[in-house]
Enquirer: 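Below you will find the structure I want to go over with you.
Chain identifiers are assigned alphabetically (A, B, ...) following the order of the sequence lines, protein sequences preceding nucleic acid strands; residue numbering begins at 1 within each chain. What you see below is based on every heavy atom in this structure, not just the backbone, and it leaves out hydrogens, waters and symmetry mates. The structure presented is a predicted model; accordingly, all values stated were derived computationally and were not measured.
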There are 2 protein chains.
Amino acid sequence: MTYRIGEVAKKLGISTSALRFYDAHGLLPFVQRDAQGNREFTDNDLNYLDVITVLKKSGVPVATIADFIKLCMQGDDTLVQRYAYLEDTEQALDEQIRALKRQKAFLKFKQWYYQTAIEAGTETIHFKAGTHDFDPEAKREYLRLHPEAVDFAHFVED
Amino acid sequence: MTYRIGEVAKKLGISTSALRFYDAHGLLPFVQRDAQGNREFTDNDLNYLDVITVLKKSGVPVATIADFIKLCMQGDDTLVQRYAYLEDTEQALDEQIRALKRQKAFLKFKQWYYQTAIEAGTETIHFKAGTHDFDPEAKREYLRLHPEAVDFAHFVED
DNA sequence: CCTTGCCTTAAACCTATGTTGAAGGTCTAA
DNA sequence: TTAGACCTTCAACATAGGTTTAAGGCAAGG
């Protein structure tokens with residue numbers, strides 16, 4: 001049983017133009033055509049599209065995914081390469097997660113900054129007296145209250 | 001004490017062209033100019049640049065960051081708005097982290113898939129007999145061995 | 001037979017986020 | 001006083017990842 005491009009688009013939530021774009025860039029070499037030249041997607045092709053979708057969401061560029069798919073088409077000789085490839089992707093993913101957590105720690109600090117400012121009715125409590133400049137003491141104060149936030153101590157240079 | 005654009009670029013690891021681009025797009029309304037028209041960055045401006053950097057790394061578009069900076073320039077009346085803004089950004093960050101973790105769970109499955117294929121010397125152990133089509137049994141088998149991976153059960157439709 | 005709804009390709013277009021280059025100003029040190 | 005190292009603006013270019021549009025083919029229903 002096969003699917004037409006429009007059905008696949010609906011099933012997977014990918015636009016038909018994106019699917020054609022992927023095909024044009026070598027991500028779908030396995031998709032066959034019918035007598036009229038229309039693409040015929042099999043269930044197995046959808047499995048490949050799941051892999052492609054995950055790699056895309058992991059931030060892997062289309063050209064790099066195309067390399068991986070090429071390896072897949074080459075059979076058992078490339079198994080080790082493909083495994084290494086996925087390990088690299090996983091490491092990149094881990095680094096992205098770590099980076100986002102650092103951004104989150106900083107946002108948490110800024111939320112505390114605004115929360116306390118809102119309670120005080122004014123942001124000036126965080127400024128150096130007589131200026132509109134941040135008092136670095138604010139960051140130190142926060143780190144005293146939230147020692148778990150050392151992750152973002154990177155931002156405290158003082 | 002002030003810094004010139006090149007010093008700031010070196011200090012923060014942002015190119016001078018990117019800094020000028022941010023200025024042109026309203027992210028640096030606080031930066032003053034000297035008699036020659038050169039930008040003069042203060043230490044406090046660098047604090048704002050830290051905030052901008054974090055928002056950027058959190059995936060917030062430049063135009064949206066500009067809105068936030070505008071609120072910052074408007075004083076205490078916008079404290080609650082600014083807090084809400086940061087909460088929204090944090091939620092978006094949490095969702096990104098959750099999404100990356102789902103991608104990672106799928107990659108882990110694929111790593112198992114290749115690990116076992118490498119041990120067997122061939123990928124065919126995961127195919128339906130006589131075909132090159134994935135046997136959905138592989139996913140079920142993996143979930144039996146790794147019940148913690150239900151996160152990605154989304155991908156198991158069978 | 002004609003309309004509707006799919007599908008096809010190729011090429012042009014779009015958005016975000018910068019980068020690069022041209023043309024010129026200022027300051028400092030030799 | 002001239003060379004070098006900065007800085008300025010403005011406009012053109014680049015890149016990724018699609019989307020849109022134009023022009024056309026095939027098949028089914030009325």
Enquirer: Apply ring-ring contact (aromatic ring centres under 6.0 Å, His included) to B:Phe68 and list each qualifying residue two or more places apart in sequence or on a separate chain.
Expert: B:Tyr85
Enquirer: Taking 5' to 3' order, which nucleotide of DNA chain D is first and which is last to have an atom within less than 4.0 Å of a heavy atom in chain A?
Expert: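 Answer, 5' to 3': D:dG17 to D:dA27.
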Enquirer: Scan nucleotides 6-22 of chain C nucleotide by nucleotide, 5' to 3', and note B when protein non-hydrogen atoms come under 4.0 Å of the base, S if they reach only the sugar-phosphate, - if neither.
Expert: -SBB-------BBBB--
Enquirer: Judged by modelled atom types alone, do B:Tyr3 and B:Glu40 share a side-chain donor-acceptor pair under 3.5 Å?
Expert: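 Not at all, the side chains of B:Tyr3 and B:Glu40 share no donor-acceptor pair under 3.5 Å.
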Enquirer: Salt bridge between A:Lys70 and A:Asp67, side-chain N to carboxylate O under 4.0 Å?
Expert: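 Between A:Asp67 and A:Lys70 there is a salt bridge, with a charged N closer than 4.0 Å to a carboxylate O.
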Enquirer: Going by the angle between their ring planes, with limits at 30° and 60°, are B:Phe127 and B:His132 parallel, tilted or perpendicular?
Expert: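 B:Phe127 vs B:His132 ring planes: tilted.
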Enquirer: Have a look at A:Tyr114 and tell me which of B:Gln81, B:Arg82, B:Glu87 forms a side-chain hydrogen bond (donor to acceptor under 3.5 Å, both in side chains) with it.
Expert: B:Arg82
Enquirer: Look at the aromatic rings of B:Phe109 and B:Phe106 and report parallel, tilted or perpendicular, splitting at 30° and 60°.
Expert: perpendicular
Enquirer: Any salt bridge linking B:Glu7 with B:Arg4? Criterion: basic side-chain nitrogen under 4.0 Å from a carboxylate oxygen.
Expert: no
